[in-house]
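Note sheet for the following structure.
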There are 2 protein chains.
Amino acid sequence: MSTRERLVESTRALLWERGYVGTSPKTIQQRAGAGQGSMYHHFTGKEDLAQAAIRRTADEMRAAVDAQLSGPGTAVERITAYLRRERDVLRGCPIGRLTQDPDVIAVPTLRAPVEETFSWLRERLAAVVREGLDRGELDAAVDPASTAAAIVAALQGGYVLARAAGTPDPFDQAVTGILALLGARTVH
Amino acid sequence: MSTRERLVESTRALLWERGYVGTSPKTIQQRAGAGQGSMYHHFTGKEDLAQAAIRRTADEMRAAVDAQLSGPGTAVERITAYLRRERDVLRGCPIGRLTQDPDVIAVPTLRAPVEETFSWLRERLAAVVREGLDRGELDAAVDPASTAAAIVAALQGGYVLARAAGTPDPFDQAVTGILALLGARTVH
DNA sequence: GTCTATATCAAGATAGAC
DNA sequence: GTCTATCTTGATATAGAC
């Protein structure tokens with residue numbers, strides 16, 4: 001892996017663990033095994049590097065989620081597979097956590113990928129709900145947009161509760177709860 | 001207000017805005033109109049001050065939520081009132097945001113109030129759901145614990161989505177979505 | 001209780017040699 | 001492309017006077 005690559009990967013890991021405010025250029029360099037000079041040769045500074053890291057994380061997440069939601073099965077089955085997939089819950093969501101970083105929210109180039117990711121995710125889930133409606137799997141009274149927002153929110157909030165508790169249990173409970181509510185809207 | 005009080009209030013505001021890692025003693029002092037000496041006279045350091053600030057915020061939130069959920073009305077009506085109450089959505093949740101702060105999670109004295117707040121909140125909401133079941137307002141198949149977790153998670157995740165979007169809209173959608181799912185479990 | 005002075009180390013970046 | 005030296009500012013605290 002090139003030095004440039006190692007810098008991006010190192011930044012991705014640190015942004016996930018400590019956020020933007022909590023991550024220093026020095027730490028990034030040490031983790032990447034690169035010197036000051038290398039970092040400032042490949043990137044104009046911390047912000048530039050963070051932007052590359054966030055974009056990559058966003059792209060990866062999007063691809064992974066899309067693959068999972070595009071699989072076979074009913075709408076509820078695919079949503080269930082997505083919510084219940086293997087996760088390192090206590091690490092939280094690498095994109096969602098950036099939302100609490102005042103400097104990420106304040107800088108448009110850093111916030112843009114975060115904004116795009118979640119707006120895409122809500123729309124993607126809404127599309128799955130719509131498919132369920134079209135196929136007659138779900139009660140016609142279910143609203144795609146707000147239901148999709150509730151599902152994504154339950155997931156993101158699940159991470160918050162799990163980190164507060166120090167255990168993944170509340171995450172699993174939240175997922176179970178939202179899926180039970182959704183399952184009750186299934187047409188048998 | 002005493003200098004000590006001003007220091008605590010200043011810290012509360014900054015923890016909400018910038019988190020623990022992003023808040024410096026100097027900023028706290030300036031905002032409180034207090035000097036270095038005052039701060040280190042009343043508190044042993046940043047951590048000690050943060051602990052006092054977090055505890056107070058947690059206590060206030062708990063009291064406010066309890067008052068709202070103890071009011072009149074059916075279970076679903078009270079949950080609706082709680083979720084739809086006036087909020088400055090884009091500022092996020094002052095307790096939930098601490099969950100993304102690695103140093104808060106790592107220090108037991110700082111994490112404890114956060115942990116207690118959410119475990120209390122989930123239990124409090126579960127109790128409201130149980131009341132709804134006892135009174136025959138809700139379908140007997142509704143599980144109190146997981147439903148409560150889903151509701152709190154939808155709320156916390158709603159903040160995440162709103163901050164990512166830069167508008168309160170996704171928060172409102174998530175709330176609408178979860179309430180619609182819950183409302184469908186009402187016994188008529 | 002509050003103030004100023006001082007200390008140490010890290011953050012974030014620039015300069016210029018190799 | 002990478003390295004070391006240097007710079008400025010801020011973070012976090014201690015010391016001791018008033």
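Reminder, nothing fancy here: chain letters follow the sequence lines and each chain counts from 1.
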If you measure from the Lys or Arg side-chain nitrogens to the Asp or Glu carboxylate oxygens, is any gap between A/Arg18 and B/Asp103 under 4.0 Å? yes
Protein heavy-atom contacts under 4.0 Å, written 5' to 3' over nucleotides 4-18 of chain C as B (base), S (sugar-phosphate only) or - (none), form the string BB-----SSBB----
Where do B/Glu17 and B/Arg31 land on the salt bridge (Lys or Arg N to Asp or Glu O under 4.0 Å) test, with the steps shown first? CA-CA 13 Å; B/Glu17 278 173 36; B/Arg31 194 148 177 162; 2.6 Å; yes
Atom-to-atom span, CD of B/Gln29 to C1' of D/dT14 - whole angstrom: 13 Å
Is the phosphate of C/dT2, meaning OP1 or OP2, less than 4.0 Å from a side-chain N or O of B/Thr3? yes
Honestly, is B/Arg87 close enough over B/Tyr82, meaning NZ or CZ under 6.0 Å from the six-membered ring centre and within 45° of the axis? yes
Distance in angstrom units between B/His41 NE2 and D/dA15 C1', rounded: 16 Å
Could B/Glu131 and B/Arg135 be called an ion pair, given the rule that one side-chain N must be under 4.0 Å from one carboxylate O? yes
Specify the separation, in whole Å, of atom CZ of A/Phe43 and atom P of D/dT2. 11 Å
Do B/Lys46 and B/Tyr20 meet the cation-pi criteria used here (NZ or CZ under 6.0 Å from the six-membered ring centre, within 45° of the axis)? yes
In terms of side-chain heavy atoms, does A/Gln156 have a donor or acceptor partner in B/Gln156 at a distance below 3.5 Å? no
Measure CG/B/Leu49 against C1'/D/dT12 and give the value in whole Å, please. 13 Å
Starting at CG of B/Leu7 and ending at C1' of C/dC3, how long is that distance when rounded to a whole Å? 14 Å
Enter the inter-axis angle for the ends of the helix from C/dG1-D/dC18 to C/dC18-D/dG1 (five pairs per end, rounded to 10°). 0°
Side-chain N or O of A/Ser38 less than 4.0 angstrom from OP1 or OP2 on D/dC3? yes
Would A/Arg55 and A/Glu60 pass as an ion pair if we require N to O under 4.0 Å? no
On the ring face of B/Trp16, is B/Arg97 found with NZ or CZ under 6.0 Å from the centre and within 45° of the axis? no
